[in-house]
Amino acid sequence: MKVINRIIEPQITNLLESNKVILILGTRRVGKTFLINSIQKNYQSKLLFLNGEDFDVQEVIKNRSTSNYKRLIGDNRLIIIDEAQSIPEIGMALKLLIDTNPNLTIIATGSSSLDLMNKTGEPLTGRQYQFNLYPLSQLELMPTENFLETKQNLEERLIFGSYPELINLVSNDDKRNYLQQLVQSYLLKDILSFGGIKHSDKIVSLLRLIAYQVGSEVSYNELGTQLGMSRLTVESYLDLLSKVFIIYKLPSYSTNQRKEVTKSSKWYFFDNGIRNAIINDFRIPTLRNDIGNLWENYLVSERIKSNKYLNKTKELYFWRNYNQQEIDLIEVRDGMIASFEFKYTDNKKVKQPLSFKTLYPESTFEVISRDNYLDFVVG
């Protein structure tokens, strides 16, 4: 069985004596349990592993008293809580555990940032490190394959994505069935488990509409009209979908220039396979009319992963003006602007829009195609 080492593991290992809460966030089946099992194997001191979905564990942690927690911890220096978002008021529990035990470090994994980050009553400010775990990145796959294999695997990754368990499935039918089961049994289940969703049947329909609009600007009013929901409800559901790491919002870039679009946004999926499972389309690239959308989604998601894993604090945007000139991706860091256009087939004639170059003369521009994409996706 092929095993891929996750790039954030050494970063987490270096924090195991920090007396902090280490949050590992990501969707189901993205490899969180595999990662913490690997960390356990190499940890030399005593540790306690807890499954947050176990009712007995939930009952013990629910009793938030110092004496109860001291009995629970014993002489362990590390506690690992898998699927911690299942424990009621977990944020308050983590805060008390870490505040009253100066020799303790906690690793807590979760499939969303909602319960671990937003519903704690008091945030873990100054007491936490947060890591996001995504489907496998090309950065992580590179040590396991040579250049030719990477090129050969590209089309498959555009269609089936990069969830870890896929690399050990041989047939396309097995991969298709895995992704459809993942969407139906895990991802949507997690979404619908959160309170406040009044139109749970509309979540799938909203995701499907977003899937068809990858790479295009989204109108919340139009989505609301199609789904019979208000604009505010659409926006709140999209925000929820981003917090469970299914989709990512790319806002428009502007410095308040008169002709620039300022309030629009695009949405991308963190994984191409999930996007294709939602619309039930796994055809090969040569049979598709949306290969440009798949290419754009793949490049944006891979860039997000590499920036995050390599701790590159870049702000990502797209750009368009009212004369319909546009740029697929803008990266801003320390006042420097890099612009990118995505073409599945190389087009030497593509140039940076003159109006953008005039507004931002110090900006750089690059066309990303299959000929040069590797340098782009590995940062």
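Computed from a predicted structure; not experimentally measured.
Asn132 and Gln130 are linked by a side-chain donor-acceptor pair at a separation below 3.5 angstrom, with hydrogens and angles left out of the test. Judged by distance alone, the side chains of Arg288 and Asn276 do bring a donor and an acceptor atom under 3.5 Å apart. Side chain to side chain, Ser111 and Gln85 meet the donor-acceptor criterion of an N or O pair below 3.5 Å. Checked by atom type, the side-chain pair Tyr360/Thr255 shows a donor-acceptor distance below 3.5 Å. Side-chain polar atoms of Glu217 and Ser265 form no donor-acceptor pair below 3.5 angstrom. Side chain to side chain, Gln180 and Asn280 meet the donor-acceptor criterion of an N or O pair below 3.5 Å. Side-chain contact of Thr109 with Glu83: a donor-acceptor pair under 3.5 Å is absent, judged by distance alone. Using a 3.5 Å distance cut-off with no hydrogens or angles, the side chains of Glu366 and Gln352 do not pair a donor with an acceptor. Residues Ser230 and Thr233 bring a donor and an acceptor atom of their side chains to less than 3.5 Å of each other.
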Open item on the list: Applying ring-ring contact (aromatic ring centres under 6.0 Å, His included) to Tyr134 and Tyr309, what does each step give before you reach the verdict?
Closed with: CA-CA 10 Å; Tyr134 304 104; Tyr309 288 158; 5.8 Å; yes

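Under the 6.0 Å cut-off for aromatic ring centres, Tyr248 and Phe269 do not qualify, their centroids lying 6.0 Å or more apart.
Under the ring-ring contact (aromatic ring centres under 6.0 Å, His included) rule, Phe356 has a single partner from Trp319, Phe340, Phe318, which is Trp319. Of the candidates Lys175, Lys151, Arg176, Glu156 forms a salt bridge (Lys or Arg N to Asp or Glu O under 4.0 Å) with just one, namely Lys175.
With sequence neighbours excluded, no residue forms a side chain to side chain contact (heavy atoms under 4.5 Å, CB included) with Thr225.
Residues Tyr43 and Thr13 fail the side-chain proximity criterion, which asks for heavy atoms closer than 4.5 Å. Contact check for Ile304 versus Tyr268: no side-chain heavy atoms found under the 4.5 Å cut-off.
Taken together through direct or relayed side-chain contacts under 4.5 Å among Ile, Leu, Val, Met, Phe, Trp and Tyr, Ile24 and Ile7 form part of one hydrophobic cluster. Follow the hydrophobic side-chain contacts under 4.5 Å out from Ile167 and you never reach Leu179; the two are in separate clusters. Taking hydrophobic clusters as Ile, Leu, Val, Met, Phe, Trp and Tyr residues chained together by side-chain heavy-atom distances below 4.5 Å, Leu141 does not share a cluster with Leu294. By the criterion of side-chain heavy atoms lying less than 4.5 angstrom apart, applied directly or through intervening Ile, Leu, Val, Met, Phe, Trp or Tyr residues, Met336 is not grouped with Ile330; the two fall into different hydrophobic clusters. In the hydrophobic clustering of this structure, Ile247 groups with Tyr298; members are Ile, Leu, Val, Met, Phe, Trp, Tyr whose side-chain heavy atoms approach within less than 4.5 Å, directly or through other members.
A salt bridge does not link Asp82 to Lys32: none of the charged side-chain nitrogens sits closer than 4.0 Å to a carboxylate oxygen.
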